[in-house]
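Before any comments, here is the structure.
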Number of protein chains: 2
Amino acid sequence: MKTTGQYGPKADLALSMWVKLARAFSTFNKVTAEQIWTFGLTQPQFGALETLGHLGPMTIGELCRKQLVSGGNMTVVVNNLVDMGLVTRSTSKEDRRAYIVKLTPKGKRLFQKIFVTHAEFVAKAAGVLTEDEQRELGTLLKKLGTTCRSQAKQA
Amino acid sequence: MKTTGQYGPKADLALSMWVKLARAFSTFNKVTAEQIWTFGLTQPQFGALETLGHLGPMTIGELCRKQLVSGGNMTVVVNNLVDMGLVTRSTSKEDRRAYIVKLTPKGKRLFQKIFVTHAEFVAKAAGVLTEDEQRELGTLLKKLGTTCRSQAKQA
DNA sequence: CATGATTGTTTTAAATTTGAACTATTTGAA
DNA sequence: TTCAAATAGTTCAAATTTAAAACAATCATG
């Protein structure tokens, strides 16, 4: 989308940045999704395994929030992972409404096996940017992601 | 997703950047989607209007490529916009397989009316970053988005 | 000028995602 | 204690998206 200098320099700059953000996300997402398919997992399944593998057991709700996914969805994802023998669900002692989701030994082995490969793949894809550029990009994206919502709502 | 220094500095850096990209996109997307709803349009409808408004009439296939959306989807989106009286479809003279999609006067008026508001909104949301930061972010995102795919496929 | 390959579009079926309604449990305030 | 409000999770229906099949038209190559 060319935004041909029609809305003033500030707006044109912001619009152009937003288009590039959407495109970069879309492309990078497709690239990583292709690799995840080769593991026999869907993106949400992989995401759940990744979160559990890195951060340890947690409730379904916590998984939702980490993955930015709705609850109805996570129920299905977790059930499928249980059927695949990759995670267990157990009721929480502290809160009997909640379930704790945890990797099984099989899930842990799979995670350890594929995530190294995935990490290398992401590093290669990101390798178009130097390490300094990746750091800089991360910093800017974090700032944008954490505060654009409240910024937009101001007066 | 904390990636706790387990995959070597290069991979950790890339993973961390990728997480921030996904989160920033998700958040910014939700923020703009909320505003688009207030115009009585869906995101794909708005996207099509925007592209047509800025770049002029084009075929359905061109719209797909600009919007990174599948063809089956764009057929539906365009049909709905026709029903709403915002665009017309006419057969192309040069290629009788193709349809040219074009804003109606009503579509043009709507576009001009809402897009200024939208542009200001995006500028405000992006205002967490300085103009220099937005330029820098745009440059890095463009580089990442245009070359990460081929980079990932190399040996 | 054939004809095989490609392209533009539509249709359909399947997958994914969300949001709302619902149950069960917990929390907090009176 | 008791009851209203909030929270965890599930289920279900609706919306969205894609991918594949199909068809028509065009292009390219010999």
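Lettering of chains follows the sequences in order, A, B, ..., and the numbering in each one begins at 1. Remember, it's a predicted structure, so these values are computed and weren't measured experimentally. What's counted below: heavy atoms across the whole structure, side chains too, no hydrogens, waters or symmetry copies.
A single hydrophobic cluster is seen to contain both A:I36 and A:V116, as judged by linkage of ILVMFWY side chains at heavy-atom distances under 4.5 Å, directly or through other members. Side-chain heavy atoms closer than 4.5 Å link hydrophobic residues (I, L, V, M, F, W, Y) into clusters, and following such links, even through other members, never connects A:M74 to A:V76. Linking Ile, Leu, Val, Met, Phe, Trp and Tyr whenever their side-chain heavy atoms come within less than 4.5 Å puts B:F115 and B:F39 in one cluster.
Look at B:R96 and you'll find a side-chain N or O under 4.0 angstrom from OP1 or OP2 of D:dT26.
Between A:K30 and A:M74, the one whose closest nucleotide on DNA chain D sits nearer the 5' end is A:M74. Nearest-nucleotide positions on DNA chain C for A:K93 and B:A98 put B:A98 closer to the 5' end.
Rounded to a whole Å, the CG atom of A:N79 is 18 Å from the P atom of D:dA8. Distance B:Q67 CD to D:dT18 P: 11 Å, rounded to the nearest Å. Regarding A:L41, its CG atom lies at a distance of 17 Å from the P atom of C:dA15, rounded to whole Å. Put simply, CD on B:E94 is 16 Å from P on D:dA25, counting in whole angstrom units. Going from atom CG of B:L68 over to atom C1' of D:dT18 covers 14 Å, rounded to whole Å. Atom CE in B:M58 sits about 19 Å away from atom P in C:dT7, given to the nearest Å. Here C:dA15 presents its C1' atom at 12 Å from CG of A:N80, a figure rounded to the nearest Å. We find that CD1 of B:I60 is positioned 10 Å from P of C:dT11, with the value rounded to whole Å.
Under a 3.5 Å cut-off, the side chain of B:H118 and the backbone N or O of B:I114 do not form any donor-acceptor pair.
Looking at the side chain of A:T75, the nearest of the listed nucleotides C:dT10, D:dA8, D:dT11 is D:dT11. Nearest to the side chain of B:R97, among C:dT10, C:dG8, D:dA6, sits C:dG8. Nearest nucleotide to the A:P44 side chain, out of C:dT17, C:dT11, D:dA8: C:dT17. Here D:dA8 is the nucleotide among D:dA8, C:dT9, D:dT10 with the atom lying nearest to any side-chain atom of A:D95. In the set C:dT18, C:dT10, D:dT10, C:dT10 carries the atom at the smallest distance from any side-chain atom of B:Y99. Of the candidate nucleotides D:dT18, C:dT9, D:dA8, D:dT18 has the atom nearest to the side chain of B:V69. Comparing C:dT18, D:dA8, D:dT16 by their closest approach to the side chain of A:N73 singles out C:dT18.
Within the 4.0 angstrom heavy-atom criterion, base atoms lie near B:G72. Contacts of B:S92 with the nucleic acid, taken as non-hydrogen atoms under 4.0 Å apart, are absent.
No more than 12 heavy-atom neighbours from other residues, nucleotides or ligands sit within 6.0 angstrom of CZ on B:R96.
Of all nucleotides present, only C:dG8 satisfies the Watson-Crick or G-U wobble test against D:dC23, with each distance under 3.5 Å.
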